[in-house]
Every structure is written in structure tokens, then in C-alpha cells.
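Read the structure below first, then the notes.
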Protein chains: 4
Amino acid sequence: MKSIDKHRKIIRAATKVFAKKGFFNARISDIAKEAKVADGTIYLYFKNKFDILISVFEQEIGKLIGQITLLLNKEDDPKVKLEIFITKHLEEMKKNRNLAEVIHIELRQTNKLIREYRKNNFSQYLNILSSIIIEGQEKKVFRNDIVPDLAKQIIFGSLDEISRIWGPSNDIDQDFTVEEVSAQLTSIFQQGVMGQPE
Amino acid sequence: MKSIDKHRKIIRAATKVFAKKGFFNARISDIAKEAKVADGTIYLYFKNKFDILISVFEQEIGKLIGQITLLLNKEDDPKVKLEIFITKHLEEMKKNRNLAEVIHIELRQTNKLIREYRKNNFSQYLNILSSIIIEGQEKKVFRNDIVPDLAKQIIFGSLDEISRIWGPSNDIDQDFTVEEVSAQLTSIFQQGVMGQPE
Amino acid sequence: MKSIDKHRKIIRAATKVFAKKGFFNARISDIAKEAKVADGTIYLYFKNKFDILISVFEQEIGKLIGQITLLLNKEDDPKVKLEIFITKHLEEMKKNRNLAEVIHIELRQTNKLIREYRKNNFSQYLNILSSIIIEGQEKKVFRNDIVPDLAKQIIFGSLDEISRIWGPSNDIDQDFTVEEVSAQLTSIFQQGVMGQPE
Amino acid sequence: MKSIDKHRKIIRAATKVFAKKGFFNARISDIAKEAKVADGTIYLYFKNKFDILISVFEQEIGKLIGQITLLLNKEDDPKVKLEIFITKHLEEMKKNRNLAEVIHIELRQTNKLIREYRKNNFSQYLNILSSIIIEGQEKKVFRNDIVPDLAKQIIFGSLDEISRIWGPSNDIDQDFTVEEVSAQLTSIFQQGVMGQPE
DNA sequence: TATGAATGAGGTTTCATTCAT
DNA sequence: GATGAATGAAACCTCATTCAT
């Protein structure tokens with residue numbers, strides 16, 4: 001029986017290799033070597049190279065959704081929920097730099113396929129954000145004129161761009177901590193750049 | 001003498017092809033055909049395939065910098081400047097979808113090379129944003145605790161993610177206009193999601 | 001102990017798969033699936049893929065030799081024997097299209113190996129034909145200047161080419177019956193195209 | 001401009017390699033080396049490996065058609081025409097053993113594609129045979145009950161099977177000359193095995 | 001300067017065969 | 001004996017780049 005363990009090993013290896021070299025520059029043999037399996041073995045678990053990318057993404061985003069949902073369920077205040085989302089996302093990206101790379105590098109490499117895919121797990125992830133906005137509007141905490149479907153993209157875009165500064169091969173000394181960045185982002189999205197900090 | 005016209009033709013063709021197929025899936029022969037030159041001719045004007053990408057980017061971002069700088073120079077209020085930047089960026093991306101694609105797809109495909117490059121023209125573009133923030137802080141319009149270097153990334157990330165919804169092959173009916181999106185973004189960055197709209 | 005039943009099942013499956021896909025396009029796993037055994041099991045019964053082909057051939061030609069020999073033993077007239085051979089061969093090929101395909105497609109795919117093999121069962125089959133000729137010459141029914149070793153190839157070649165028109169995926173409406181073809185062939189080989197039909 | 005000379009060189013090399021190794025065992029790099037071009041060059045002239053096979057066949061059969069047609073046009077007697085066809089075919093196969101191999105080995109390897117292809121050049125070749133039969137019948141030289149479409153296959157099948165004994169790697173000493181074989185075949189097809197030789 | 005035919009390295013994928021269970 | 005997951009060699013084909021014309 002195909003071992004679930006080997007599947008995991010390949011996913012982990014692929015995440016690492018994709019993060020380091022990018023999807024197109026990653027060779028199957030790199031992933032195989034990293035996973036310590038034969039090249040052919042990979043094709044017992046994945047349809048083709050692109051299928052590996054999709055699986056990496058699906059798997060990792062799935063985990064993220066689980067973790068964040070758990071955290072959010074313990075909280076009522078939409079304002080705090082937004083902060084939690086921002087902090088958790090940044091924390092994860094800092095911890096799992098490979099995933100961060102895969103998201104922002106690979107997510108944009110192909111066009112049609114990824115777009116199609118986005119309707120699945122990834123859009124579910126983004127929809128957590130819009131739910132928070134909607135809930136905040138219902139509870140009169142957030143402004144009514146915020147468009148949740150725009151806001152979710154604005155917030156995610158910021159997070160994704162920011163998390164790039166932690167990318168593995170980044171030489172620039174960017175010594176912002178997660179806390180600093182998270183506080184800054186939360187503050188900007190809550191009060192804007194003009195309002196007075198709370 | 002190498003004709004500047006042919007250089008331009010190739011750049012234009014490459015922008016189109018990169019936008020449509022992505023950097024790695026674009027073939028030199030595609031670009032050559034689109035530019036109506038021979039494959040070999042391209043190598044009289046560019047060192048290699050990646051050099052074309054860099055040049056496309058440099059050229060287009062350069063144009064953008066020029067245009068935005070011109071607009072901003074006519075204005076004093078940092079609040080308005082921020083709005084202008086946001087609106088202009090979105091307008092350009094909507095108008096020049098190929099560039100939008102090249103920015104958000106290609107800019108993230110390679111790693112080291114692009115990062116290196118970013119120190120040049122692109123970071124100059126982002127620095128327009130931080131200058132606006134700094135100017136706003138000096139004029140006491142923006143909060144002092146905003147970190148300009150973070151804010152520039154937050155804002156650009158938002159813009160870039162948002163501008164993807166206008167991507168060429170996007171089937172989803174996203175009927176937000178530039179005005180709507182621009183207003184929303186400006187408002188969020190100015191007052192945040194909690195404050196009251198002006 | 002290796003079950004003779006499983007051996008048979010694999011042979012039958014291989015015949016079917018080879019006929020449908022051709023030797024080189026047939027995969028071991030196709031044969032295994034068709035035979036409802038595991039891939040590895042096949043290697044308990046056969047040395048390698050080519051060995052299966054040889055065995056299929058040996059087995060089927062063996063059966064044919066048995067059947068035809070039986071029929072011929074009941075008959076004395078070499079003229080009738082020739083007719084019997086022709087008719088029986090064609091009947092079998094029409095009935096067992098898979099075998100027909102295996103003979104004319106596969107028999108020619110490999111070179112040295114098949115040629116070597118031909119010294120065994122298949123040449124025995126052809127020698128039935130030359131025996132008939134020789135017997136006919138001894139009984140003064142056939143011309144003395146016929147070279148039996150050439151005649152056997154001439155006759156087999158005709159039969160084999162003809163039997164291709166009944167191949168499984170042949171769309172052309174070739175509505176010659178076995179009887180028509182058999183009569184035609186027998187007549188041509190007996191009287192030639194010039195003589196008057198009997 | 002793609003040189004016609006290189007096309008020819010590749011065809012010639014492919015004929016040789018296919019004849020020696022068989023289509024499936026022939027590697028593109030074998031053909032390239034034999035033709036003294038780079039592997040990639042082959043794909044400037046042919047769509048894929050199978051396309052090379054088709055082209056080899058088309059080309060060679062085309063030449064054959066031309067030569068035989070020329071010879072036949074000089075002759076009126078269908079009986080002699082039949083003899084000419086038989087002799088010429090055998091001569092060519094003996095001279096160009098590679099072609100003989102390609103015909104009887106490769107022609108049968110694939111199924112649908114070749115069958116489809118056969119409607120073109122090859123079937124034209126076979127139709128020369130049926131035309132001779134028909135002409136013979138009209139001139140009352142050949143029996144009326146011969147079915148031309150069967151006869152053409154019978155004759156070609158014989159020729160093809162016979163010409164195999166001249167195959168390149170055939171160790172068996174088959175010392176029949178073209179003349180012997182041709183005479184034998186002609187005689188069998190004209191008078192049958194029973195009639196008296198002329 | 002421009003061409004485009006030629007190159008050839010290199011990658012994805014297949015699949016016969018092996019071997020631990 | 002039977003299994004089928006694992007192996008890894010090998011091959012087709014692509015395409016960036018070169019260079020003779």
C-alpha cells in the first residue's frame with residue numbers, strides 16, 4: 001500500500017526545493033533526492049510536477065485554515081479576530097519560510113491553473129478574512145462602507161508582500177519582528193494612517 | 001547601429017508574451033515572432049532571456065515613476081498624494097494589464113536576481129510611497145508611529161493583489177471599478193476599517 | 001508449486017493485450033491487470049517481457065499445428081491437403097483475431113530473437129506446407145519444378161497478408177468470407193491466374 | 001532555409017537505423033549520429049519519431065512506384081507485367097535491404113496509424129497489382145473469377161514474406177537468387193502448382 | 001546589422017524489473 | 001507462491017543560445 005509517510009516526505013521535500021529554487025527551476029530529481037526516494041517513486045504519489053505544487057499548497061494552506069479557525073473560535077471581538085489573523089499569518093510565514101516562498105513565488109507562476117485552484121482551499125482561506133469584516137460590520141465595530149471582498153484582498157496582499165521580507169535568501173537586514181509588523185498592520189487597518197493610535 | 005526602435009519593439013513584444021504565458025513558459029521564438037524579428041536578433045539587444053524580463057520591468061516601472069512623480073509634484077497634501085498614488089497605480093494596471101501580469105507574476109518567479117534588481121528601479125518606485133508617508137508625518141497629517149518602510153510594502157502589496165483581479169484571463173465577474181477600489185483603499189489606509197468615513 | 005492455471009491466464013491475457021496494443025506499447029501492468037494477477041507474479045512464470053511474447057506464440061502455433069495435423073492425417077490427396085491448410089489457417093485467424101494480430105504484428109517487431117525462435121515451433125508449422133508440396137510432387141500431382149521451401153513461404157505470406165484484413169480495428173468493409181478467400185487462394189495456388197477454373 | 005539535403009540525410013540514416021534495430025528500439029540519437037546532425041536538428045525536419053517512419057516509408061515506396069510504373073508502361077502483356085512487378089519488387093528488396101526491413105517489420109508495428117497511412121502511397125503501390133490483374137482479365141489473359149483486390153494482397157504477401165529471407169541479419173544460408181525466386185513466383189501465380197510449366 | 005538553421009544539454013516521465021513483506 | 005511499492009535507467013523532445021551566411 002502506498003505509504004502516507006512517503007507522501008508526506010515528498011511534500012516536505014518539494015516545499016523545500018520549490019522555496020529554494022522556484023517551481024520551474026526545481027528538478028524532479030532534486031525533490032527525489034531531498035525526499036530520499038527514487039525519481040519514479042514521486043509519480044506513484046503525484047500525477048506530475050504541477051500536481052506536486054498544488055498538493056504542497058493545498059496541504060499547507062489546509063493546515064493554516066485549521067489552526068487559524070481554532071484560534072478565532074475562541075474569540076468574539078472582530079477587531080481582535082482581525083489582529084489574530086494578521087499575527088498568526090505572519091508568525092506562520094516567519095516560522096515556515098518555505099511555505100511563504102511557495103505562496104508568493106509559486107502562487108503566481110502559472111495562470112489559469114492556479115486561478116482555477118484558488119477557488120478551492122485558498123479562497124476559503126481568504127474568506128476567513130471577509131467573514132471577520134462582515135461580522136465586524138454586523139456588530140457595528142467596522143464601517144459599513146468597507147467592501148469585504150475588497151478588504152480581504154487588500155489585507156492578504158499586504159501580508160503576503162510583507163512576509164516576503166523574511167524570505168530565506170534575503171540579504172537585506174530587515175529586523176522588524178513579527179510583533180512590530182503585526183502591530184503596525186493591525187493598527188493601520190484598524191485606524192488608518194491618519195487616526196490616533198489607541 | 002542598433003536601432004532603438006527594434007529595442008522597443010522587442011520590449012513591447014516581450015511584455016505581451018510574458019504577460020500571457022509567464023516568463024518560464026514564454027519562448028524566445030514567441031517574442032521574436034511577436035516582434036517580427038528573427039530569434040537571433042534578440043540577442044543583439046539583450047544578453048539573455050532574463051535580461052529581457054529585467055528590461056521590460058525597468059522600462060515600464062520607469063515610465064510609471066515618471067508619470068506619478070509628475071502628478072505628485074503638483075500636489076502638496078500628503079493625504080491627497082497617497083490617494084493619487086493609489087489611483088494612478090490602479091489606473092495604469094487596469095489600462096496595461098500586461099504590465100500588471102508581469103509585475104505580479106514575473107516579479108516573483110526568480111529570487112536572487114530579482115531581489116538584486118529591486119534595489120534599482122522598483123525600490124525607487126516603492127520609495128515614492130515611503131516619502132509620502134514621511135512627508136505626512138512631518139506635516140503632522142499622518143501618525144508618527146507608522147513605519148514608512150513597512151507602510152510602503154503594505155500599500156504596494158494591497159495594490160498588487162487587488163490589481164490581479166483585473167488579470168486578462170480572469171473569468172470571475174469582478175465589476176469593481178478603479179474608482180471604487182481606489183476609494184476603498186484610500187479610505188482604509190487613511191481612516192482604517194473602524195473610523196468613520198469622512 | 002507454480003499453478004499451470006495462472007500460466008494459462010497470463011498467456012491468454014498477454015495475447016489479448018499484445019493484439020490490441022502491439023508488443024512495444026503493451027505494458028506488463030496491462031497484462032497483469034487483464035490476467036488479474038500482480039505485476040510481480042508474471043516474473044514467476046516468465047523470464048521477461050519478450051519471453052511472454054515467445055510463449056504466446058509457441059503456445060498458439062502449437063495448438064494450430066496439432067489441429068491441422070489432425071485434419072491432414074485424415075486425408076490423402078495433397079491437393080485437398082493444401083486446401084485444408086489454407087482454409088483452416090484462415091478460419092483460425094478469423095476466429096482468433098488476437099492470434100492473427102500477434103503473428104503478423106509481433107512476429108516482425110524484433111529481429112534476431114524472433115528469427116532464432118522461428119527455428120522452433122513456427123518453422124515446424126511452415127514445414128507442414130512444404131511437406132504437402134513434396135508429397136504432391138511424389139504423387140505427381142504437383143509440378144516438380146516447385147521449390148518446396150519457397151512455396152511454403154509464398155503460401156504463408158499470402159495467408160498472413162490476407163488475414164490482416166480481418167484485423168480487429170479495421171474499419172474498411174472487407175466482406176470477403178473465409179470461404180471466398182479460401183477458394184480464391186486455393187484456386188490461384190492450384191491453377192494460377194491463367195488456367196481455367198476447375 | 002531548411003536544406004533538402006539534410007532532410008535526405010536524415011531519411012537515409014533513419015532507414016538504416018530502423019532496419020537494423022526496429023522502430024521501437026531505434027533511438028533518435030542513433031539516427032542523429034548516423035546522419036551526423038544534432039538530435040534537435042531532426043525535429044526541425046520531422047514532427048516526431050513516428051513522423052520519421054512515415055516519411056521513410058512514403059519516400060521509398062514513392063520511388064518504387066515511380067520506377068515500376070516506368071517499366072510497366074513499356075509493356076503491354078499483363079502476364080509479362082505481372083512478372084516485371086514481381087521481379088522488380090524482389091530486386092529492389094534485395095538491393096535495398098533496409099527498405100525491406102522497414103516494410104515488413106515496421107509496417108506492422110503500429111496499427112491504426114499505419115492502416116490510415118496505407119490508404120495513401122502504399123495502397124497505390126498495391127493497386128498497381130490489381131490493375132495488372134484487371135487488365136489481364138479484360139484482355140482475356142487472366143481468369144475472370146480472380147478477385148483483383150484479393151489477388152493483390154496474395155501476391156504482395158508472398159513477395160513480402162519471401163523478401164524477408166534476404167534480411168540483413170539472417171544467418172541461414174538462403175541461396176536462392178532473385179531470378180530463381182522470381183521465376184518460381186511468377187510461375188506459381190501464372191500456372192499454379194498443378195499446371196505444367198510453360 | 002539581421003537572419004534562422006543548427007546545436008546539444010537537460011528535464012520530465014515511463015515502465016520493465018526487483019525485492020521486502 | 002503472491003504481492004505491488006519502489007527503483008532508476010533511459011528516451012523523446014524542447015528551447016535558449018550560437019554562428020555561418
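Chain naming here is simple, since letters A, B, ... match the order of the sequence lines and numbering starts at 1 in each. We use all heavy atoms of the structure for the numbers below, so side chains are in, but hydrogens, waters and symmetry mates are not.
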Taking for B:T41 and for D:A38 the nucleotide of DNA chain E with the nearest heavy atom, the one nearer the 5' end belongs to B:T41
Between NZ of B:K9 and P of E:dT1 the distance, given in whole Å, is 16 Å
C:I52 atom CD1 is separated from E:dA16 atom P, nearest whole Å, by 9 Å
Whole-Å distance, A:K33 NZ to F:dT7 C1', equals 16 Å
Q: Check whether any side-chain N or O of A:K6 sits under 4.0 Å from OP1 or OP2 of F:dA6, and answer yes or no.
A: yes
Between B:T15 and B:I11, the two heavy atoms sitting closest are OG1-O, 2.7 Å
Between A:A14 and A:V56, the two heavy atoms sitting closest are CB-CG2, 3.9 Å
Heavy atoms of C:D51 and C:F46 approach each other most closely as OD2-CA, 3.5 Å
Checking N1-N3 plus N6-O4 or O6-N4 for Watson-Crick, or N1-O2 and O6-N3 for wobble, each under 3.5 Å, the partner of F:dA9 is E:dT14
To the nearest angstrom, the CG-P distance between D:D51 and F:dC13 comes to 10 Å
Listing time: all N or O pairs from protein to nucleotides 16-20 of chain F that are below 3.5 Å?
residue : atom : partner : partner atom : Å
F:dA16  : OP1  : B:A26   : O            : 3.4
F:dA16  : OP1  : B:K49   : NZ           : 3.4
F:dA16  : OP2  : B:I28   : N            : 2.8
F:dT17  : OP2  : B:Y43   : OH           : 2.8
F:dT17  : OP2  : B:K49   : N            : 3.0

Note: for B:V37 and D:K36 on DNA chain E, the residue whose nearest nucleotide lies more 5' is B:V37
Atom OH of D:Y45 and atom C1' of F:dT14 are separated, to the nearest Å, by 17 Å
When every non-hydrogen atom of D:F18 is compared with those of D:K49, the smallest separation belongs to CZ-O, 4.4 Å
In short, salt bridge (Lys or Arg N to Asp or Glu O under 4.0 Å) pairs touching residues 29-39 of chain C with sequence neighbours left out are C:K16-C:E34, C:K21-C:D30, C:R27-C:D30
To the nearest angstrom, the CG-C1' distance between A:L44 and E:dA16 comes to 14 Å
Applying the 3.5 Å cut-off to both distances, the Watson-Crick or G-U partner of F:dA20 turns out to be E:dT3
When every non-hydrogen atom of D:A13 is compared with those of D:I31, the smallest separation belongs to CB-O, 3.7 Å
Minimal heavy-atom distance between A:I10 and A:A35, with the atoms involved, is CA-CB, 4.0 Å
Rounded to whole Å, the CD1-P distance (D:I31 to E:dA6) equals 17 Å
To the nearest angstrom, the CD1-P distance between A:I42 and F:dG8 comes to 13 Å
